[in-house]
Amino acid sequence: MTETLTVRIWRGKAEGRFESYEVPARANQTVLDVVTEVQRSLEPALAYRFACRVGVCGSCAMTVNGRPRWTCRTHVRRLGGEGTLTLEPLRNLPHIKDLVSDLTPFFEKWHKAGGRFAGTAGRQDPPQRVDPQSASRLAASAAIECINCAVCYSACDVVAWDQDYLGPAALNRAWTLVNDARHGAREETLDRAFAAGGCASCHSQGNCTRHCPVELSPSQSIAGLKRSTLFGPPKVGEPG
Amino acid sequence: MMERRLFILQRLSAMVLAPLVLVHLGLILYAVRDGLTAAEILGRTQGSLGWALFYGAFVLAAAVHAPLGLRNILREWTGVGLRLINLLSLVFGLLLAGLGLRAVVAVVA
């Protein structure tokens, strides 16, 4: 007899219930594999979201045993859940159905924090030269690999109690732009990141950094934004 | 822009307050340990420009710093509108400044 894994999955929207499913426990299975197995063999109406399955696209994040995680790179074996798995949609976001959260507010805040790049050069201009070892570029590079999975947004307690708070991902994005010599609206981005609900609302609890699947530190980016407002935006190398 | 300015003000006032609070606490310990009477304390503070400046700066920094912290707490924990919160914080700040400066005048004048 094969070992089984009991999976409790949230069904419904804000109002709903947990339903339990039994799937075979395999030596190598990710949480996303389990959800796919449930959907393909037990519950065809189960709604969930994924695309790349290799930790690049950031679309499969869910709440796994109470913590937000990227499910495609989370191995069931490493969770140590004693043969059970509890899956819910990401918190702090409206629920659409089952395991799917609505990411609209997440991306709206991304723009609200000044996250849109404003180019200063046209296609006829030569590419701007950026010294990869300059302090500002190192700061931007440290924060740039965000996959927008909303795990940090879901992990953040300040987002949970303050609906206006822009959240770690949006502020992390703003910090990369403030450090980008090619961005034409660095002061404006800094202003937006500091408007009501901006980085001053952060309590430095660090849940974002703790949960970020690609090991970025939004906490550090937010601290950088706060520093910038006291001492001015970081010096970026003159575009050559 | 206003949030940025207020944030800066709160941080700068904290930087001013930090050493002042330490001196203030040291002063309390000193006065209590030596058992100074009120008359003895007043004898040292009255007419002292130094103490007037020290506690004047203390009161002003506190009157800037405390209402900003209160404003943040009210914003985060109550459903009160921002305009009313701004007004309440301003009134609180003026109250702190008024009462504090009155106390400074009372001990140094």
Side-chain angles (χ1 to χ4, degrees), chain A residues 92 109 111-115 153 156-168 170-171 174-175 177-179 183 185-208 218-234, chain B residues 1-25 53-54 56-97 100:
Chain A
N92 294 343
K109 287 180 177 178
H111 287 294
K112 215 174 154 194
Y153 189 83
C156 178
D157 283 340
V158 181
V159 174
W161 72 63
D162 181 355
Q163 292 302 309
D164 291 335
Y165 179 47
L166 297 173
L171 294 169
W175 175 239
L177 285 182
V178 164
N179 278 288
H183 182 45
R186 294 169 59 234
E187 268 294 334
E188 193 199 324
T189 297
L190 198 52
D191 263 345
R192 281 167 166 252
F194 240 97
C199 57
S201 297
C202 169
H203 282 238
S204 310
Q205 290 173 330
N207 278 331
C208 49
S219 308
Q220 215 165 11
S221 299
I222 293 168
L225 286 169
K226 288 177 178 172
R227 262 198 318 277
S228 306
T229 212
L230 277 183
F231 305 112
Chain B
M1 200 63 204
M2 180 167 107
E3 293 295 327
R4 252 176 96 176
R5 292 216 176 99
L6 293 181
F7 180 85
I8 293 171
L9 267 181
Q10 196 188 16
R11 263 45 183 188
L12 290 180
S13 57
M15 282 161 68
V16 172
L17 273 174
L20 299 187
V21 167
L22 287 178
V23 172
H24 176 61
L25 289 176
L53 289 176
F54 178 86
F58 194 117
V59 164
L60 291 179
V64 169
H65 187 76
L68 288 173
L70 184 72
R71 177 177 179 268
N72 288 339
I73 293 168
L74 289 175
R75 254 201 57 214
E76 223 176 83
W77 289 98
T78 67
V80 180
L82 193 57
R83 289 181 76 130
L84 183 58
I85 286 175
N86 284 340
L87 187 70
L88 285 173
S89 304
L90 186 67
V91 169
F92 181 58
L94 291 173
L95 194 71
L96 278 184

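Computed from a predicted model, the values in this text were never measured in an experiment. A, B, ... follow the sequence lines: proteins, then strands. Residue 1 opens every chain.
- Going from atom CZ of B/Phe92 over to atom CD1 of B/Ile85 covers 14.0 Å, rounded to the nearest 0.5 Å.
- The distance from atom CG of B/Leu60 to atom CG of B/Leu96, rounded to the nearest 0.5 Å, is 11.0 Å.
- The CZ atom of A/Phe194 sits 9.5 Å away from atom CG of A/Leu171, with the distance rounded to the nearest 0.5 Å.
- Between A/Pro168 and A/Ser219 the shortest side-chain heavy-atom distance does not fall below 4.5 Å.
- Interatomic distance, B/Leu22 CG to B/Leu17 CG, rounded to the nearest 0.5 Å: 10.5 Å.
- Note on A/Ala200, A/Ala196, A/Ala193, A/Ala195: by heavy-atom pairs under 4.5 Å with chain B, the leading option is A/Ala196.
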Would you list the atom pairs in which one atom of chain A and one of chain B form a donor-acceptor pair under 3.5 Å?
from, atom 1, to, atom 2, distance (Å)
A/Trp161, NE1, B/Glu76, OE1, 3.0
A/Glu187, OE1, B/Arg4, NH1, 3.2
A/Asp191, OD1, B/Arg4, NH1, 2.8
A/His203, NE2, B/Glu76, OE1, 2.9
A/His203, NE2, B/Glu76, OE2, 2.7
A/Thr229, OG1, B/Arg4, NE, 2.7

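- A/Asn207 places none of its side-chain heavy atoms less than 4.5 Å from the side chain of A/Cys156.
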